[in-house]
Amino acid sequence: QVQLVESGGGSVQAGGSLRLSCTAFGYSVSWYYMGWFRQVRGQEREGVAHINSRSGTTYYTDSVKGRFTISQDNAKNALYLQMNSLKPEDTAIYYCAASSSRIPTLPDLHPLQYNYWGQGTQVTVSS
């Protein structure tokens with residue numbers, strides 16, 4: 001059974017930094033994509049960033065470009081999100097996700113591309 005376990009969330013002031021980590025257990029084949037999503041209560045889940053696990057190509061949603069960095073360590077089956085210059089609007093529950101294949105009819109950072117999800121970790125940024 002595949003499990004994704006996130007850590008690293010917390011509370012920071014605006015302008016601060018946090019690093020989220022996600023470790024995948026129980027999957028022995030390389031992922032297609034790994035990504036980070038976030039969700040505010042009452043709103044839809046938003047794609048933040050993803051990485052093509054085979055090529056290393058990354059993609060970021062516009063609101064985090066230049067502030068967030070996604071990276072992976074395939075040897076540790078781990079995914080990271082370095083978040084700098086945090087803003088109050090970054091406050092959300094952040095989810096790690098992984099896909100074992102690609103659905104060509106959907107955008108790459110669409111939640112339906114991902115078939116495995118972590119439990120989420122809260123990030124709170126105060127002004």
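Side-chain atoms are counted along with the backbone in the values below, which use heavy atoms only and exclude waters and symmetry mates.
- Under the ring pair (Phe, Tyr, Trp, His ring centres under 6.0 Å) criterion, Tyr94 pairs with no residue at all, not counting sequence neighbours.
- Side-chain heavy-atom separations under 4.5 angstrom define the hydrophobic clusters, and the remaining members of the one that includes Leu106 are Ile103, Leu112.
- Scored by the side-chain hydrogen bond (donor to acceptor under 3.5 Å, both in side chains) test, Glu6 finds Gln119 as partners (sequence neighbours excluded).
- Counting only residues at least two apart or in different chains, disulfide (SG to SG under 2.5 Å) contacts with residues 40-76 are absent.
- Aromatic ring centroids of Tyr114 and Tyr95 lie 6.0 Å or more apart.
- Pairing each heavy atom of Ala92 with each of Arg38, the nearest pair is CB-CB, 3.7 Å.
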**Prompt:** Going through the distances and angles, do Gln72 and Ser53 end up as a side-chain contact (heavy atoms from CB on, under 4.5 Å)?
**Reply:** CA-CA 8 Å; Gln72 63 182 3; Ser53 295; 3.3 Å; yes
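- Among residues two or more places apart in sequence or in another chain, the side-chain hydrogen bond (donor to acceptor under 3.5 Å, both in side chains) test is passed with Thr91 by none.
- Connection of Val40 to Trp36 is not established within any shared hydrophobic cluster, with ILVMFWY side chains joined at heavy-atom distances below 4.5 Å, either directly or through further cluster members.
- Heavy-atom minimum distance, Ala24 versus Leu4: CB-CD2, 3.4 Å.
- Evaluation of the salt bridge (charged side-chain N to carboxylate O under 4.0 Å, His left out) test over residues 110-121, restricted to residues two or more places apart or in two chains, returns none.
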**Asked** Does the pair Trp117 and Cys96 meet the rule for a side-chain contact (heavy atoms from CB on, under 4.5 Å), with working shown?
**Response** CA-CA 6 Å; Trp117 293 85; Cys96 168; over 6 Å; no
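- Among residue pairs with one or both ends in residues 95-120, those qualifying as salt bridge (charged side-chain N to carboxylate O under 4.0 Å, His left out) are Arg102-Asp108; sequence neighbours excluded.
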**Item:** Worked check of side-chain contact (heavy atoms from CB on, under 4.5 Å) between Met83 and Asp90
**Value:** CA-CA 9 Å; Met83 305 186 294; Asp90 295 318; over 6 Å; no
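- Comment: Lys65 engages Asp62 in a salt bridge, judged by a side-chain N to carboxylate O separation of less than 4.0 angstrom.
- Residues Val48 and Val125 are members of one and the same hydrophobic cluster, defined by side-chain heavy-atom contacts under 4.5 angstrom among Ile, Leu, Val, Met, Phe, Trp and Tyr.
- With sequence neighbours left out, Gln3 forms a side-chain hydrogen bond (donor to acceptor under 3.5 Å, both in side chains) with no residue at all.
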Side-chain donor-acceptor pairs of residues 10-23 under 3.5 Å, sequence neighbours excluded:
from  : atom 1 : to    : atom 2 : distance (Å)
Ser17 : OG     : Asn84 : OD1    : 2.9

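- Within the structure, ring-ring contact (aromatic ring centres under 6.0 Å, His included) contacts touching residues 54-91 (residues at least two apart or in different chains) are His50-Tyr59.
- Qualifying side-chain hydrogen bond (donor to acceptor under 3.5 Å, both in side chains) partners for Ser126, counting only residues two or more places apart in sequence or in other chains: none.
- Remark: Thr61 engages Glu46, Ser63, Val64 in a side chain to side chain contact (heavy atoms under 4.5 Å, CB included) (not counting sequence neighbours).
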